[in-house]
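The structure appears below as structure tokens.
Read the numbers this way: they start at 1 and go in the same order the structure lists the ligands and their atoms. When a residue number appears, it is its place in the shown sequence, counting from 1.
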Amino acid sequence: MQTMSNYFEAIDKIKFEGTDSTNPFSFKYYQEDKIVAGKSMEDHFRFAIAYWHSFFFFFSDPFGTGTRDFPWEKSHDPLENAKFRMEAAFEFITKLGVPFYCFHDRDLAPEGDSVAESEKNLKELVKLAGEYQKDTGVKLLWGTANLFTHPRYMNGAATNPDFDVVCHAAAQVKAALEATVELGGENYVFWGGREGYMHLFNTRMKREIDHLGMFLRMARDYGREIGFEGTFLIEPKPMEPTKHQYDFDASTVIAFLHEQDLLDDFKLNIEANHVTLANHSFAHDLMVSAEAGLLGSIDANRGDNQNGWDTDYFPTDLYDAIEAMIILLEHGGISPGGLNFDAKLRRNSTDLDDLFHAHIGGMDTFARGLLIADKILQDPTFKELRDGRYISFDDGEGKKFENGKLSLAQLRDFAVKNGEPALRSGKQELLENVINNHIQ
Ligand code: XUL
Ligand code: CO
């Protein structure tokens, strides 16, 4: 049994108090056991805390050093600090009452002077994490390897033009997979990190992408060999830190999975702010992956309409949450994935309790989004407006077309026979009103 720390001593376990409550340390909408559309809120979202942003990022930016003085960073020994950090993380997760967390290998344990020492450090912290998980009931949504911070990865990891670097990346992924399996992780994530290029003319793009495919098949095989039964996830992002990331967006990644024969084991982890960087809406990539049967998990955050970079704000846009929940409700939910708060406080949000406000806000936004999405889906107008547009394919010649029973020449003859089609309104404004009328 691990001792539980008291870094957040002024704060008790966060409870649901409803919209009449004025207590800022309470949920106004998130009620873990409330049943909506046949499932508890806890099961709809499977919320997770991102270890890196909340416990291991000191809030430096390109113009200034960190503003954080985390009370758990109290030793000069990085391995000791990693233990204090874990204590703080589990205290926070338990008080917030979310069921899951996610980590990079290097968030849990510091890199050593050799591959073997790094592996040893990670093993030590994984053992400790296992004990905390047992004590608290908190579970691992996914693990991953940080293949972008160390200078050796400046030209990429699996796509690095230097084979020696690819081998180091493999060593890290091997150890991170073992850690994920040991901790019962339900998924394993590959975010591209620096897998991309800075200049096309010093890059053999196809060769690098094929190396990535080879690397992922090896990782998949090793994971299955050591008993990983969960889903492998690729997290698309179009740019940053490289000028062009190979896992650009959901459509690009789906084509890559087809080409590299990875479809049986891999799905997508869609991050809101990555999708907006690709000039789509959050809902767009959720829809693309859900309709392909490949929506695996979500990194919940948001960008800023004014800024073209990955701001990783906490997700507080209600409309975005409603759209996301409509898609999840219509496509069977997110399990065994979840909603991971890959979001960070602002550099000037320096109080420890800001971490609670941020997560409470994100959870309440999605809970509210779920309640509204459920009402919208029960409103017959919503589906009529959408599905009614396709009625000409429901039977007759349209159905035959869908089933591949007609030729191009036959379509031409129908055009002649049926004459000019009547214009049919898309009813967008009415649809938008229907959605807005359910927001209360
Ligand atoms: C970076 C990002 C990562 C991944 C995990 O933009 O989203 O935190 O989620 O490596
Ligand atoms: Co992410």
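Those atoms of ligand 1 that come under 4.0 Å of a heavy atom in K237, given as number and element, are 6 (O). Atoms of ligand 1 found under 4.0 Å from any heavy atom of E271, numbered from 1 in the order shown, are 2 (C), 7 (O), 9 (O). The atoms of ligand 1 that sit less than 4.0 Å from any heavy atom of D299 are 9 (O). Near W52, meaning under 4.0 Å from one of its heavy atoms, ligand 1 places the atoms 8 (O). Using a 4.0 Å cut-off to heavy atoms of D310, the atoms of ligand 1 that qualify are 6 (O).
Below 3.5 Å of separation, one finds an N or O of H274 facing an N or O of ligand 1. Where the criterion is an N or O separation shorter than 3.5 Å, residue side chain and backbone included, E235 meets it with respect to ligand 1.
Residue-ligand proximity: V189 is placed with every non-hydrogen atom at 4.0 Å or more from ligand 1. Using 4.0 Å as the threshold, E240 has no heavy atom nearer than that to any atom of ligand 1.
Taking the Co ion (ligand 2) as the apex, the angle formed with OE2 of E235 and OD2 of D299 is 100°, to the nearest 10 degrees.
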Expected list for residues 208-215: side-chain donor-acceptor pairs under 3.5 angstrom, two or more places apart:
unit_1, atom_1, unit_2, atom_2, d
E208, OE1, Y246, OH, 2.8
D210, OD1, Q260, NE2, 3.1
D210, OD2, K206, NZ, 2.7

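A salt bridge between R46 and E186 is present, with a side-chain N of the basic residue lying under 4.0 Å from a carboxylate O of the acidic one. With salt bridges taken as basic N to acidic carboxylate O contacts below 4.0 Å, one links K83 and E124.
No other N/O/S atom of E271 lies as close to the Co ion (ligand 2) as OE1 does. Between the Co ion (ligand 2) and the N, O or S atoms of D342, the shortest distance is to OD2.
Seen from the ring of F70, R85 does not count as a face-on cation partner, given the 6.0 Å and 45° thresholds. Note that R68 lies in the cation-pi zone of F59, set by a 6.0 Å cut-off to the ring centre and a 45° limit from the axis.
Side chains of N121 and S118: a donor-acceptor N/O pair is absent below 3.5 angstrom, by distance only. Residues S26 and K28 have side chains that bring a donor and an acceptor to within less than 3.5 angstrom of each other.
Put simply, the residue from T311, D312, T316, T276 that forms a side-chain hydrogen bond (donor to acceptor under 3.5 Å, both in side chains) with R302 is T316.
Taking OH from Y101 and OH from Y51, the interatomic distance works out to 7.5 Å, rounded to the nearest 0.5 Å.
Remark: minimum distance from atom 5 (C) of ligand 1 to any protein heavy atom is reached at H104 NE2, 3.3 Å. Atom 3 (C) of ligand 1 has its closest protein heavy atom at D342 OD2, 3.5 Å.
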